Number of protein chains: 2
Amino acid sequence: MARTAAPGSRERILDTAAGLFYRYGVRAVGMKQVIDAAGCGKNLLYTHFPSKNDLVAAYLRECRRERARSAAAAAGEVPGDDPAAQLLALVGEIVTTVGRPEFRGCAFRIYLTEFPDDQSEPARLARDYLRDSRAEIDRLVARLGVTDPGQLADRVWLIVEGLYASAARSESAGAADAATQLVRDLLAGARER
Amino acid sequence: MARTAAPGSRERILDTAAGLFYRYGVRAVGMKQVIDAAGCGKNLLYTHFPSKNDLVAAYLRECRRERARSAAAAAGEVPGDDPAAQLLALVGEIVTTVGRPEFRGCAFRIYLTEFPDDQSEPARLARDYLRDSRAEIDRLVARLGVTDPGQLADRVWLIVEGLYASAARSESAGAADAATQLVRDLLAGARER
DNA sequence: GTCTATAATGGGATAGAC
DNA sequence: GTCTATCCCATTATAGAC
């Protein structure tokens with residue numbers, strides 16, 4: 001239970017910081033910039049987040065929550081229990097995400113690129129997210145009942161990585177279509193056996 | 001003693017800087033770190049490279065030269081003039097590159113992630129490289145004579161992006177096989193029509 | 001009592017001067 | 001090469017406003 005009087009201050013600071021971190025990069029954004037943008041005093045920020053690392057960790061945890069919410073919503077719209085349909089929905093959700101105008105790349109992948117050898121909490125959060133994302137694909141592919149699920153999962157994962165990377169810089173249109181169709185073809189090819 | 005700098009000094013400094021920039025990131029490496037690692041004086045470095053931006057630009061130009069050398073060697077081993085074989089060789093060369101133990105990602109993509117809104121010379125060099133790489137794929141795909149070359153090029157490019165991204169963090173083995181086989185399938189499918 | 005504003009700390013950055 | 005100037009960083013401490 002937070003003993004802060006203003007209930008929204010933590011969220012407001014975190015939202016501001018998250019927007020800046022995502023837009024300009026964690027390393028490029030200083031605490032002063034966050035403070036100025038949030039319109040708060042230095043002490044307030046440091047009482048809520050004792051260090052920049054804590055603020056960054058909260059940012060990545062917020063990203064994770066958002067990703068989980070979006071993925072759950074997309075998975076919830078798939079009728080029945082077809083793993084192929086769920087894989088398509090998973091890729092479709094990423095296609096939607098990378099198509100948003102504010103999309104600049106996957107926050108976790110960006111963080112790990114910015115801090116390659118990092119072992120702190122943010123790096124752990126980023127790696128956890130990527131591991132879990134990959135595991136989710138493995139889980140769905142395993143339920144397809146194909147002869148070589150590991151190989152198929154590798155390919156789907158490669159396409160997901162390509163989609164995130166491609167959309168992060170160039171226009172996402174071509175990448176989105178390519179990813180969608182490639183996964184569709186993979187699933188169709190797997191079903192034939 | 002030589003009043004002109006020792007002939008190898010510029011290269012030695014650049015090699016040292018390149019290794020550090022690539023390994024730890026451009027932002028994370030300071031000029032003092034480069035000077036200490038190169039074992040040179042500050043004046044010598046600043047004589048050859050008047051600013052960090054100049055040093056970074058030289059680093060990326062060196063990366064470009066290395067990539068061109070490696071790509072030309074791979075293309076030279078393809079007998080005849082078959083664009084499909086050249087595309088496979090292109091992907092194969094990247095597979096070899098990302099499989100090297102020191103591989104940590106594509107230097108140009110890493111730079112643009114570190115400096116997203118940058119308009120300086122290094123950013124221009126990075127974007128030029130990516131544009132030219134994409135154009136090379138477009139050029140080869142166009143020579144295949146398929147009905148929708150733009151679509152096929154989008155897919156090959158997505159796989160290349162996925163290969164670089166995937167290999168930058170996780171083990172490259174699965175990604176390499178996945179990319180090779182996906183491109184092979186794409187080219188086989190295109191030939192059937 | 002909760003916040004803001006500001007100063008000060010200590011470190012490291014690029015870069016120039018000698 | 002060393003020494004210095006200037007700036008920005010994260011963080012802490014102080015002092016005052018509502």
Side-chain angles (χ1 to χ4, degrees), chain A residues 1-60 111 114-123, chain B residues 1-6 8-10 12-14 16-60 110-111 114-123:
Chain A
M1 161 107 169
R3 60 194 188 94
T4 60
S9 70
R10 202 196 110 108
E11 274 182 13
R12 185 169 45 85
I13 292 171
L14 180 51
D15 281 357
T16 304
L20 290 170
F21 285 154
Y22 182 67
R23 175 82 183 81
Y24 301 106
V26 169
R27 253 196 160 112
V29 173
M31 294 298 263
K32 172 161 169 39
Q33 197 176 342
V34 174
I35 286 158
D36 289 348
C40 68
K42 219 170 244 203
N43 279 349
L44 183 59
L45 186 147
Y46 274 99
T47 51
H48 285 303
F49 307 98
S51 76
K52 184 176 181 179
N53 240 15
D54 293 316
L55 182 57
V56 174
Y59 153 60
L60 289 182
Y111 181 86
E114 279 195 279
F115 301 88
D117 281 349
D118 197 11
Q119 298 297 330
S120 65
E121 195 190 2
Chain B
M1 284 322 270
R3 27 178 202 278
T4 53
S9 70
R10 203 195 111 106
R12 185 169 45 83
I13 292 172
L14 180 51
T16 304
L20 291 171
F21 285 154
Y22 182 68
R23 175 82 184 79
Y24 302 105
V26 169
R27 249 190 163 118
V29 173
M31 295 297 264
K32 172 162 169 38
Q33 197 177 341
V34 174
I35 287 159
D36 289 349
C40 68
K42 198 181 256 199
N43 279 348
L44 184 58
L45 186 146
Y46 275 100
T47 303
H48 286 301
F49 308 98
S51 75
K52 182 177 181 179
N53 240 15
D54 293 315
L55 182 57
V56 174
Y59 153 60
L60 289 182
I110 292 174
Y111 181 85
E114 279 195 280
F115 301 86
D117 281 350
D118 197 11
Q119 298 297 332
S120 66
E121 195 191 1

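Throughout, a chain's letter reflects where its sequence line sits, starting with A, and its residues are numbered from 1. Just so you know, these numbers come straight off a predicted model, no measurement behind them.
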So which protein N/O to nucleotides 6-10 of chain D N/O distances come out below 3.5 Å?
{"residue": "D:dA10", "atom": "OP1", "partner": "A:Lys52", "partner atom": "NZ", "Å": "3.0"}
{"residue": "D:dA10", "atom": "OP2", "partner": "A:Met31", "partner atom": "N", "Å": "2.7"}

(request) Please examine the side chains of A:Asp117 and B:Arg23, heavy atoms only from C-beta on, and report whether any two atoms are closer than 4.5 Å. (result) yes

(request) Rounded to the nearest angstrom, tell me the gap between atom CG in A:Leu45 and atom P in C:dT2. (result) 17 Å

(message) To the closest 0.5 Å, what do you measure between OG1 (B:Thr47) and CG (B:Leu45)?
(response) 8.5 Å

(request) Starting at atom CD1 of B:Ile35, determine the distance to atom P of D:dT2, rounded to an integer number of angstrom. (result) 12 Å

(request) Report which part of the nucleic acid A:Gly39 touches: base, sugar-phosphate, or nothing (heavy-atom distance under 4.0 Å, all strands). (result) sugar-phosphate

(request) May I ask you to decide if B:Val26's main-chain N or O and B:Glu114's side chain share a donor-acceptor pair within less than 3.5 Å? (result) yes

(message) Please report the distance, rounded to the nearest Å, between CD1 in A:Ile13 and C1' in C:dT4.
(response) 12 Å

(request) For A:Lys52 and A:Val29, work out which heavy atoms get closest and say how close. (result) NZ-O, 2.8 Å

(request) For the pair B:Asp54 (side chain) and B:Ser51 (backbone), establish whether a donor and an acceptor sit closer than 3.5 Å, ignoring hydrogens and angles. (result) yes

(request) Using side-chain contact (heavy atoms from CB on, under 4.5 Å) as the criterion, list what pairs up with A:Ser120, not counting sequence neighbours. (result) A:Asn53, A:Tyr111, A:Asp118, A:Pro122

Give me the distances for all protein-to-nucleotides 14-18 of chain D N/O pairs that come in under 3.5 Å?
{"residue": "D:dT14", "atom": "O4", "partner": "A:Asn43", "partner atom": "ND2", "Å": "2.9"}

(message) With a 4.5 Å cut-off on side-chain heavy atoms, are A:Phe49 and A:Met31 touching?
(response) no

(request) Could you tell me which non-hydrogen atom of B:Ala58 sits nearest to which non-hydrogen atom of B:Arg10, and how far apart they are? (result) CB-NH2, 4.4 Å

